[in-house]
Amino acid sequence: MSQVLAYLDATIDGLTAKLEAEGKAPNPRKRFALAAMRLARRLCDPEVVTAWCGVATPFELLNAMGVPACYPEFIGGVLASAGLVVPTLEAAEQCGYSSDSCGYHRAALGVITSRLLPPPRLFLATSQPCSAGMYALESASRILGRSPFVLHVPTDRSEAATSYVTRQLGRLVLHVSAITGRRLAEADLAEAILASNRTRASLVEVFERCTDVPSPIRSTELKNLGIVLPLFFGTAEAETVAGAWLDELRLRAERPPKTGERLRLLWLQNRLQFKSKLIEDLETDYGAVIVADEFNDITWPPLDPENPLQSLAERILFHPYSGTAEVRIAHLLDLVRRYRVDGVINPCHFGCKQGTGSRGLIERGLRRAEVPVLNLEVDCIDSRNFSEGQVRTRLQAFVELLLQRRELSAEVLP
Amino acid sequence: MAVLYACSFAPLALFDAFGLTSRRLVPSAKDPAVAGGMLHDNLCGHVKGVLERIFSWPDPQDLFLVVVSCDAMRRMADALLETWGPARVLVLDLPVCPDEEGMRYFAASLIKLGQRLTELTGRPLHAHALYRSLALRNELAEHLERLRGQVHTEGVRTGPAGAMNVLRELTDLPVGEALERIDAFLAPPPLPRDPNTVPVYLFGTIQPDPRYFDLVVEAGLAVTGLGTCDAYRPHEVAFALAPELSTPALLEAYASALLGRSPCPTLCRCERSSTLVAHHLAAAHACSARGAVLLTLKYCDPYLAKVPELRRAFQEANCPLLVLEGEAGPNLPGQARTRLQAFAELLTARGVA
Ligand code: SF4
Ligand code: SF4
């Protein structure tokens, strides 16, 4: 615990000092990192009532109730980026959790079994994006003798499914109230919904600007944004980060950065969370820029302040991960088209039955549209299983192939 | 036209009411690479084995019902939708929590499934036909209680005459024939269990490779209680029926009975469901087991996530538990045999002491 706290405190102090020194500059990456680190710090505070959730949880509800929340992917990602994840993975494995399971879940379970962080009061599991995450949270809650709340997100997108999810969200609020003693005030929910919509509006423009050729962003700049920012939806922090990105990109539109872009790549699902120079090297050595991330997209309309629970339910149900693989592939093809992508990298995270389990389907879906795809068998957080040399060779081979393809098509085209 | 399925929550009485045959697809274990290439190797052997069978399925008229219960089943639905198309693939979401909301949603999904079957077959769903099918399925569920008793007394015999095999046959027969089959099986009085064997409770996932089951018996263990996903669950649970009920009311009652079946690892604990761990402990106790064997499958997240809790609970109950992780494939891991034999020796030694 002390190592984690030391890391978080040092990072927070460092980021705060830099932001103060840099005055009014947008500094979106630092603001985003600061928000994430502050959240991680709150999760470490034994006095604070916290929730561990599934990714599909509408965090507006929890933020409106003053409950800081996270999910295993956040915990695993923060620990991996701090180089502290391996002991938690080992702790879970020693307790009998299968090393074939997703590392994010194992990391979260390891945090619980090794008491690395104060235990959360609430467990709100969701069956999306993966049911494996739901079982992991269920198991974690049982270790602590707690009852999890479980949100079932069906693959079906009917009206019946919407009202089913809406009713469950109503029950989720009651569950949180029962455990925390806090009521969800109508005014707080209304404000959270409006704040969420403002964040959404900024992000729509941010992502729209990111489709420019050449890309205004570098490969790692928007890493984790679309996955982590939802944790802050409904808060001023989310608005600040999204707004800072928007300001930054407006500035960059006037003075475009030189990325030396020769290839445009789309990265699926999760990035590698531990430190590695691979992606930067790909950009520097080959001009291969990751211009888009699958999760950096807005796939829902503005939330309806008159029907907050229903519109949150619809956002969950209509997320590309909630339907069939066909829905997800259609979304990927849309990103390929909008970002004018040359190739797709699918990091098949070890143990994941959601992203990795669909490997063949995604590959065929993209190839049918003549989009080259590289399946990279990796573990996004467990550096013990990472063979940098092998991954580098495969990435380089893919990028070289894409460059050749580009040259060929340039020769063929007038 | 038959409806193929691969999950114990398939609403067989609904198919019966349409006059459709239903057949459970027993997974194949010959070449898991077929489905591995289609999706990814990291899916459980059950799903890979079922897909392997489907890809070589001879009848292009048959339908397939995927009950979406876990990530692997979702992937199976995706793979089938891609190869067979939506016209032949029926998808039914299983609520993860069998509470009030879950029941309501599942009942609505059954009504929708009924409408879809009407479209596909051109036949309406009549309340009286549904009532009759449910009544017959209820009868079958009652017979299973007798089968449980027989298994408890004599232990499961392997081979074609064994209870496990009969249970599997039931999932392939029209309900009337299934009743006859089970009657015939239960007609002779149970034999006493071989006193040299040690009674154990066997539970876990369906195994693509039935040889795992044989290994348990070969090791000198008598399976006096069965809790695998393909044992009783596809035929549980008898429930109260009234002939005057409307079709939606019958389906509501049916949805509730289906979700009230013995706990499945894909369902999460909530107020109305007994926990999987408590259920298996009680079942082991009820069949006088001196130990328990959990047959899981590599990559089965639902069960594997529960293994640490199961281990703790069985240890606290002083009931030794052996966990075997099976894999689909042509070769049985020799290790499984050795571990089962060692487990049988341990139980024998404990019994003597
Ligand atoms: S990587 Fe896959 S299994 Fe792991 S949390 Fe994400 S969706 Fe779930
Ligand atoms: S419950 Fe386990 S064995 Fe059954 S389909 Fe899901 S992953 Fe496979």
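Each chain gets a letter, A, B and so on, in the order the sequences are listed, and its residues count up from 1. Small disclaimer: the values here were computed from a predicted structure and weren't measured.
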Exercise. So, for B:Phe314 and B:His280, is the gap between ring centers shorter than 6.0 Å?
Worked result: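 Distance test on ring centres: not under 6.0 Å, no.
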Seminar exercise, completed: Sorted by chain and residue number, the side chain to side chain donor-acceptor pair (under 3.5 Å) partners of A:Tyr71 (sequence neighbours excluded) come out as none
Exercise. With A:Glu314, which residues qualify under side chain to side chain donor-acceptor pair (under 3.5 Å), at least two apart?
Worked result: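 Only A:Gln310 meet the side chain to side chain donor-acceptor pair (under 3.5 Å) criterion with A:Glu314.
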Exercise. In chain order, what residues pass the side chain to side chain contact (heavy atoms under 4.5 Å, CB included) check against A:Thr299, with sequence neighbours excluded?
Worked result: A:Asp297, A:His319, A:Pro320, A:His331
For this session: Identify the residues of residues 66-76 of chain B whose heavy atoms come closer than 4.5 Å to a heavy atom of chain A, ordered by number, or report 'none'.
Result: B:Val68, B:Ser69, B:Cys70, B:Asp71, B:Arg74, B:Arg75
By a 4.5 Å heavy-atom criterion (distance strictly below it), what part of [X] contacts chain B: side chain, backbone, both, or neither?
{"X": "A:Gln94", "result": "neither"}
{"X": "A:Thr113", "result": "neither"}
{"X": "A:Ala161", "result": "both"}
{"X": "A:Cys130", "result": "both"}

Exercise. If you measure only the distance, is there a donor-acceptor pair under 3.5 Å linking the side chains of B:Tyr105 and A:Asp156?
Worked result: yes
For this session: Assess the side chains of A:Ser139 and A:Tyr97: does a donor N or O sit below 3.5 Å from an acceptor N or O?
Result: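 The answer is yes; a qualifying pair exists.
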Problem set entry | B:Lys112 NZ to B:Leu110 CG distance, which is reported to the nearest 0.5 Å | 11.0 Å
Exercise. If you tally heavy-atom pairs under 4.5 Å against chain B, which of A:Glu363, A:Gln354, A:His105 wins?
Worked result: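 Most heavy-atom pairs within the cutoff with chain B belong to A:Gln354.
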Seminar exercise, completed: Of the listed A:Gly357, A:Ser163, A:Cys352, A:Ala325, the one with the largest count of heavy-atom pairs under 4.5 Å with chain B is A:Gly357
Problem set entry | B:Glu119, CD atom: more than 12 neighbouring heavy atoms under 6.0 Å |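 More than 12 within 6.0 Å, yes.
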